[in-house]
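Have a look at the structure below before the remarks.
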Amino acid sequence: MPGAMTTDTGFSVSPGDGAAAAGLSRRVLVTGAAGGMGRAICLALAHDARRRGQRLQLAAFGSRPTAALETLQAELAALQADVRVVCVDLTEPQATAQAVQDAIAWAGGLDTLISNAGQSRPGQLATLDVAEWDRCFALNTRATWTLAQAARPALAASRGSLVAVASMSGLQAHPGYGAYSAAKAALIMLCRQLALEWGDMGIRVNTVSPGMIRTPLTESVYRHADVAARRESLVPLGRIGQAEDVAQAVLYLASPEAAYVTGSNLVVDGGVAGNMLTQIPGRPDKAR
Ligand SMILES: NC(=O)c1ccc[n+]([C@@H]2O[C@H](COP(=O)([O-])OP(=O)(O)OC[C@H]3O[C@@H](n4cnc5c(N)ncnc54)[C@H](OP(=O)(O)O)[C@@H]3O)[C@@H](O)[C@H]2O)c1
C-alpha cells in the first residue's frame with residue numbers, strides 16, 4: 001500500500017485455559033496503542049479479559065515501529081493476550097482501511113474499535129497554515145471515520161462498538177491550540193452521527209473526553225512544577241488525571257455493561273469543565 005507500512009511483528013501466545021474452554025474471545029483494535037492513554041487502555045483490556053475468562057486478540061496500531069510498541073507487546077503477552085502490531089499513518093485513508101481489514105482478517109472479526117490516536121500542537125488561528133489545519137483534522141477527526149468505515153461490516157457482524165478519544169478541548173474553545181479544539185468538537189459530532197446511523201445494526205458509538213491528563217503528549221507541560229500546581233488547583237478532585245483514569249472510562253463504554261449506551265460523550269476531567277464559577281473572585285473578607 002503506497003505511503004504506509006503495515007507490519008506484523010506480533011506473536012501469539014496461548015490463551016488462558018478458561019477462555020479456550022469457554023470458547024470466548026474478544027477482538028479489539030486500539031490506535032495510538034503505545035502512547036500514554038493507548039498503553040493504559042490496552043493493559044486495562046488485557047486485565048479485564050483475564051477477569052472475564054476471555055481470550056483477548058488485540059491489534060495494536062502505532063504510526064511506526066518503536067521500542068514502546070515492542071515493550072507493550074511483551075507486557076500484553078505476559079497477560080496472555082494475542083497481539084498483532086500494525087504500523088500505519090492514520091492520516092492516509094487507503095492505507096488505514098487496508099490495515100483495518102488485515103487486522104480483522106487476523107482476528108477473525110472485530111468486537112471493539114478504540115480510536116485513540118491524536119495529537120495537539122500549539123498554534124494561533126490568525127497564522128495557522130492550511131497544511132497544519134488539514135493534518136490536525138486528518139488525524140483527530142477523519143481517521144476515526146476512516147477506521148469506522150473499514151470496520152463497519154465486522155462491527156455489525158459482532159454487534160460491536162466504537163469508542164473514540166476526544167477531549168475537553170472539543171467541548172470548550174481552547175485558544176492557542178490551532179485546529180485541535182475544532183477537530184475534537186467535530187469528532188464528538190461525527191461519533192454522535194455514527195451512533196444514529198449505525199444503531200439499527202447494533203453498533204454502539206461513544207466518545208470519552210479527557211481533561212488534563214499526564215501522558216507523553218503533555219509531559220513537557222507537567223515537567224514545570226509551578227504550572228502543574230496551578231493546573232491542579234483548577235481541578236475539583238485536586239489532581240491531574242492519569243492515563244488509567246481514561247482507560248477505565250473507555251473500558252466501561254466498550255463493555256457489555258454499557259449495552260444501552262450510545263451517542264454519549266463521557267467527560268473524564270476531575271470536574272474541571274464545570275469549575276468556572278469557583279474561579280470568580282469574591283469579597284476578600286468572606287471565605288468561599
Ligand atoms: N494527554 C492529555 O491531557 C489529553 C487530553 C485530552 C485528550 N487527549 C487525547 O487522548 C488521545 C491520546 O493522547 P495521549 O495523551 O496518550 O498522547 P500520546 O502519548 O502522544 O499518544 C498519541 C498516540 O497517537 C499516535 N499517533 C500520532 N500521530 C499518528 C499518526 N499520524 N498515525 C498513527 N498514529 C499516530 C502516536 O503513535 P506513535 O507513537 O506510534 O507515533 C501515539 O501513540 C489523543 O487523541 C489526544 O488528543 C489527551
key: Those residues that, when tested against Thr146, pass side chain to side chain contact (heavy atoms under 4.5 Å, CB included) (two or more places apart)   = Pro93, Thr96, Arg142

query = To the nearest 0.5 Å, what is the distance between CZ (Arg55) and CG (Leu24)?
reply = 11.5 Å

message = To the nearest 0.5 Å, what is the distance between CD1 on Ile41 and CG on Leu251?
response = 9.5 Å

query = Can you name the closest pair of heavy atoms from Ala60 and Leu69 and give their distance?
reply = O-CD2, 4.3 Å

message = Could you go through Thr218 and Ile240, starting from their C-alpha distance and side-chain angles, then the distance that decides it, and tell me whether this counts as side chain to side chain contact (heavy atoms under 4.5 Å, CB included)?
response = CA-CA 11 Å; Thr218 52; Ile240 299 302; over 6 Å; no

Donor-acceptor contacts, no H, no angles, side chain residues 152-165, under 3.5 Å, sequence neighbours left out:
from, atom 1, to, atom 2, distance (Å)
Ser158, OG, Leu110, O, 2.6
Ser158, OG, Ala154, O, 3.3
Ser158, OG, Leu155, O, 3.3
Ser158, OG, Gly160, N, 3.3

key: Ala229: partners by side chain to side chain contact (heavy atoms under 4.5 Å, CB included), with sequence neighbours left out   = none

Check: Cys136 main-chain N/O paired with Arg121 side-chain donor or acceptor under 3.5 Å = no

message = Does Gln193 have more than 12 heavy atoms from other residues, nucleotides or ligands lying within 6.0 Å of its CD?
response = no

message = If we ignore hydrogens and angles and just use 3.5 Å, is the side chain of Arg27 paired with the main-chain N or O of Gly108 as donor and acceptor?
response = yes

query = Yes or no on side chain to side chain contact (heavy atoms under 4.5 Å, CB included) for Asp102 and Val86, after CA distance, side-chain angles and deciding distance?
reply = CA-CA 9 Å; Asp102 291 348; Val86 177; over 6 Å; no

remark   = Heavy-atom nearest pair, Val30 first then Gly38, reads CG1-O, 4.4 Å

inquiry  = Could you check whether any side-chain N or O of Thr262 sits under 3.5 Å from a backbone N or O of Ala195, counting only pairs where one atom can act as donor and the other as acceptor?
reply    = no

ask   = What residues form a salt bridge (Lys or Arg N to Asp or Glu O under 4.0 Å) with Asp245, not counting sequence neighbours?
value = Arg239

key: Which atom of Pro210 lies closest to which atom of Ala166, heavy atoms considered   = CD-O, 3.3 Å

inquiry  = According to salt bridge (Lys or Arg N to Asp or Glu O under 4.0 Å), who are the partners of Arg230, at least two apart in sequence or on a separate chain?
reply    = none

request  = Not counting sequence neighbours, which residues clear ring-ring contact (aromatic ring centres under 6.0 Å, His included) with Tyr177? List them please.
outcome  = His174

task = Return the set of residues passing salt bridge (Lys or Arg N to Asp or Glu O under 4.0 Å) with Arg39 (not counting sequence neighbours), or none when no residue passes.
result = Glu75

ask   = Considering all heavy atoms of both residues, which atom of Leu76 and which atom of Ala46 are nearest to each other, and what is their separation?
value = CD2-CB, 3.7 Å

message = Do Met212 and Glu232 make a side-chain contact, defined as non-hydrogen atoms from C-beta onward lying under 4.5 Å apart?
response = no

query = What pairs with Glu257 under side chain to side chain contact (heavy atoms under 4.5 Å, CB included), at least two apart in sequence or on another chain?
reply = Arg52, Tyr252, Ser255

ask   = So, the side chain of Thr91 versus the backbone of Leu139: is there a donor-acceptor pair under 3.5 Å, distance only?
value = no

task = Please check if the side chain of Ser181 supplies one atom and the backbone of Ser169 the other of a donor-acceptor pair under 3.5 Å.
result = yes

remark   = Scanning both residues in full, the closest heavy-atom pair of Asn206 with Gly263 reads OD1-N, 3.2 Å

key: Straight-line distance of Leu79 CG to His47 NE2, nearest 0.5 Å   = 4.5 Å

request  = Could you tell me which residues satisfy salt bridge (Lys or Arg N to Asp or Glu O under 4.0 Å) with Arg135, sequence neighbours excluded, listed by chain and number?
outcome  = Glu132

query = What about Leu113 and Met201, same hydrophobic cluster or not, with Ile/Leu/Val/Met/Phe/Trp/Tyr joined at side-chain heavy-atom distances under 4.5 Å?
reply = yes

task = Run the numbers on Arg26 and Thr112 for side chain to side chain contact (heavy atoms under 4.5 Å, CB included), then give the verdict.
result = CA-CA 8 Å; Arg26 183 161 189 195; Thr112 307; 3.7 Å; yes

Expected list for residues 185-192: side-chain donor-acceptor pairs under 3.5 angstrom, two or more places apart:
none

key: Residues clustering with Leu125 (ILVMFWY side chains joined when closer than 4.5 Å, directly or via others)   = Leu128, Trp133, Phe137

Rounded distance (nearest 0.5 Å) linking atom CD of Glu219 with atom NE2 of His224 = 10.0 Å

Nearest atoms (heavy-atom pairs only) where Ala143 meets Leu90 = CB-O, 3.5 Å

query = CD of Glu244 to CD1 of Ile213: how many Å apart, nearest 0.5 Å?
reply = 10.0 Å

request  = Among Ile, Leu, Val, Met, Phe, Trp and Tyr joined by side-chain contacts under 4.5 Å, find the other residues sharing a cluster with Leu196 and list them by chain and number.
outcome  = none

ask   = Atom CG of Leu253 and atom OG1 of Thr207: how far apart are they, to the nearest 0.5 Å?
value = 8.0 Å

query = Is the backbone N or O of Val261 less than 3.5 Å from a side-chain atom of Arg204, with the two atoms forming a donor-acceptor pair by type?
reply = yes

remark   = Per side chain to side chain contact (heavy atoms under 4.5 Å, CB included), Met37 is matched among Val208, Ile114, Val250, Thr215 by Thr215

